[in-house]
Amino acid sequence: MYLNIAVLGGDGIGPEVMAQSVKCLQAIEHNFGHTFSFTKADIGAVAIKKTGEPLPEKTLKICKNSDAILFGAIGTPEYDQNPESKIWPEQGLFKLREELNLFANIRPVKVFPALAKLSPLNKKNILDTDLVIYRELTGGIYFGNKKVSDDQTKALDTCEYSEKEISRIAHLAFKAAKSRRKKLTLVDKANILETSRLWRRVVSNIATSYPEVTLNCMFMDNAAVNMILHPNEFDVILADNMFGDILSDQGSAISGSVGLLPSSSVGLGHAMFEPIHGSYPQAKGKNIANPIASILSVAMLLQHFDLEEEANAVITAVLKSFSKKIVTPDILGSSKYGTDYVGDFIANNITDDTDDLNINDENIGLGKSTII
């Protein structure tokens, strides 16, 4: 298979972890006979410095002409700590999602038995955790009308959703649940918000088309508590943009490190794959950033194109790095190996040998993001 892949390293540690993902894709090329072309482009703070725009037109064109996008991270303290700024790096990511209509963000949360002790939570409550969050990505309060009063003493953010926006991601979530453990939890605040009431009405109606899937509706505050106390009771979680953002970041606490969780953002014609972590500017250039989330995003990319054996090869190599304790400092207290070494180890252990592709109970449930 030939794939044209846009590579957006972004800010902070983004380019460093992205380099390890590219190594792994090159290993897939070599071992499985595929051809991938990689086109680098700027986004975020680095793009602002070069062009004055967080998403240059050149970058957007490269992404639109690609088969898939690999994204690193975005943001710098320079902008985060300046509320007076009229432009900031994250605007580039929001615009990219909007321009490519990447309306569904898929974030799996899996606890690896070998790393369970990393979690601050009760081990017996987390060991069987294998859930996936479907977060609506192009609507809601993040994209609503925003207003600040002339005297800067009042501000307004509008949350708006349409039935169409809710329906398209709800169908994806139900289909995922149908192929998993057949449980879907809608997270909302239908006791308070009109948008949440619309979500509940639309999703409840769609549920009748999926009789094999059990729908459970849960208020956001209750869901946040239960995700910590009983994460292994969830299967597929469906949420709007803001609630999905909060819950998926909370998922990193379950696994024990934000550096472990990948994600995909899909639409009708485009798909982007990225770690859920931020740009971690304090670690930039120190060769300590965890590349696992970015590398597992590669596995999600391969699954997206139905390259299951290839995705399993990546996952198996990651699991081998865990078993050999070849990990970055945020995992298992190790300070022996850096970003580059871990990336090299995983890439060098990606193989098409079927004897090595026995995915056991530690296999990550990546929440397949098939082409739609």
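The basis for the numbers below is simple: all heavy atoms, side chains too, and nothing from hydrogens, waters or symmetry mates.
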Pair F103, L172 - check side-chain contact (heavy atoms from CB on, under 4.5 Å), show working.
CA-CA 11 Å; F103 64 85; L172 289 184; 3.9 Å; yes
Residues V187, T185; criterion side-chain contact (heavy atoms from CB on, under 4.5 Å); working and verdict:
CA-CA 6 Å; V187 174; T185 301; 4.2 Å; yes
For L96 and C63: C-alpha separation, side-chain torsions, deciding distance, then whether side-chain contact (heavy atoms from CB on, under 4.5 Å) applies.
CA-CA 9 Å; L96 183 61; C63 291; 4.0 Å; yes
Intermediate values then yes/no, side-chain contact (heavy atoms from CB on, under 4.5 Å), K64 and E99:
CA-CA 9 Å; K64 285 183 174 180; E99 289 284 341; 3.6 Å; yes
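The backbone N or O of S264 sits less than 3.5 Å from a side-chain atom of N105, completing a donor-acceptor pair. Checked by atom type and distance alone, the side chain of T51 never pairs as donor or acceptor with a backbone atom of I48 at under 3.5 Å. In this structure, the side chain of E136 engages the main chain of T138 through a donor-acceptor pair within 3.5 Å. Of the possible donor and acceptor atoms, one in the side chain of D235 sits under 3.5 Å from a partner among the backbone N and O of K183. No side-chain donor-acceptor contact under 3.5 Å links T328 to the backbone of T339. Side chain of N31 to main chain of I350: a donor-acceptor pair is present (N/O by atom type, distance under 3.5 Å, no hydrogens or angles). For N241 (side chain) and G139 (main-chain N/O), a donor-acceptor pair under 3.5 Å exists by modelled atom type. In this structure a side-chain-to-backbone donor-acceptor pair under 3.5 Å is present from S323 to K320.
Between the side chains of S66 and N4, no donor-acceptor pair is found at a separation under 3.5 Å. Between the side chains of Q250 and S252, no donor-acceptor pair is found at a separation under 3.5 Å.
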Check residues 6-30 and write down every donor-acceptor pair under 3.5 Å in which the side-chain atom is one partner and the other belongs to a residue at least two apart or another chain.
residue : atom : partner : partner atom : Å
D11     : OD1  : A45     : N            : 3.1
D11     : OD1  : V46     : N            : 3.1
D11     : OD2  : A45     : N            : 3.0
D11     : OD2  : G75     : N            : 2.8
E16     : OE2  : G285    : N            : 2.7
Q20     : OE1  : K23     : NZ           : 2.8
Q20     : NE2  : E16     : O            : 3.0
Q20     : NE2  : D340    : OD1          : 3.0
S21     : OG   : S294    : O            : 3.0
S21     : OG   : S294    : OG           : 2.5
K23     : NZ   : D344    : OD1          : 2.7
E29     : OE2  : F36     : N            : 2.7

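In this structure, R181 and L131 have side chains that are not in contact, with every pair of non-hydrogen atoms separated by 4.5 Å or more. Using a 4.5 Å cut-off on side-chain heavy atoms (C-beta onward), H34 and L307 make contact. Side-chain contact between D221 and K189: present, with at least one pair of heavy atoms (C-beta onward) separated by less than 4.5 Å. By the 4.5 Å heavy-atom criterion applied to side chains, M227 and L247 are counted as neighbours. Inter-residue side-chain proximity for N145 and L156 is flagged as unmet; no heavy-atom pair is nearer than 4.5 Å. Between N232 and L127 the shortest side-chain heavy-atom distance does not fall below 4.5 Å. Inter-residue side-chain proximity for F322 and V327 is flagged as met; some heavy-atom pair is nearer than 4.5 Å. Contact of the N101 side chain with the H270 side chain is not registered, since no non-hydrogen atoms from C-beta on lie closer than 4.5 Å.
By the ring pair (Phe, Tyr, Trp, His ring centres under 6.0 Å) test, Y142 pairs with no residue at all, sequence neighbours left out. Evaluation of the side chain to side chain donor-acceptor pair (under 3.5 Å) rule for E165 yields S162 as partners, not counting sequence neighbours.
The pair D130-R180 meets the salt-bridge criterion, since a charged nitrogen lies less than 4.0 angstrom from a carboxylate oxygen. The pair R201-E163 does not count as a salt bridge, with every side-chain nitrogen at least 4.0 angstrom from each carboxylate oxygen. Remark: R197 engages E194 in a salt bridge, criterion side-chain N to carboxylate O under 4.0 Å. One finds a salt bridge joining K49 and E78 here, because a Lys/Arg side-chain nitrogen approaches an Asp/Glu carboxylate oxygen to under 4.0 Å.
Residue L296 comes nearest to L260 through the heavy atom pair CD1-O, 3.5 Å, listed as atom of the first residue, atom of the second, then distance. D151 approaches K154 most closely through the heavy-atom pair OD1-N, 4.4 Å. Across A299 and I315, no two heavy atoms sit closer than the pair CB-CG1, 4.0 Å. Counting all heavy atoms, side chain and backbone alike, I295 lies closest to G343 at CD1-CA, 4.4 Å.
In this structure, F143 is not a member of the same hydrophobic cluster as L55, with clusters built from ILVMFWY side-chain heavy atoms closer than 4.5 Å. A continuous path of Ile, Leu, Val, Met, Phe, Trp and Tyr side chains, each step under 4.5 Å between heavy atoms, connects L302 with V266, placing both in one hydrophobic cluster.
Within the structure, ring pair (Phe, Tyr, Trp, His ring centres under 6.0 Å) pairs that include any residue of residues 218-248 do not occur (at least two apart or interchain). Residue pairs meeting the ring pair (Phe, Tyr, Trp, His ring centres under 6.0 Å) criterion with at least one partner in residues 157-183, sequence neighbours excluded, are Y161-W199, H171-Y210, F174-Y210.
For the side chain to side chain contact (heavy atoms under 4.5 Å, CB included) test with I69, the passing option among I5, L100, T59 is L100; the others fail.
Hydrophobic cluster of L137: no remaining members, since no ILVMFWY side chain lies below 4.5 Å from it.
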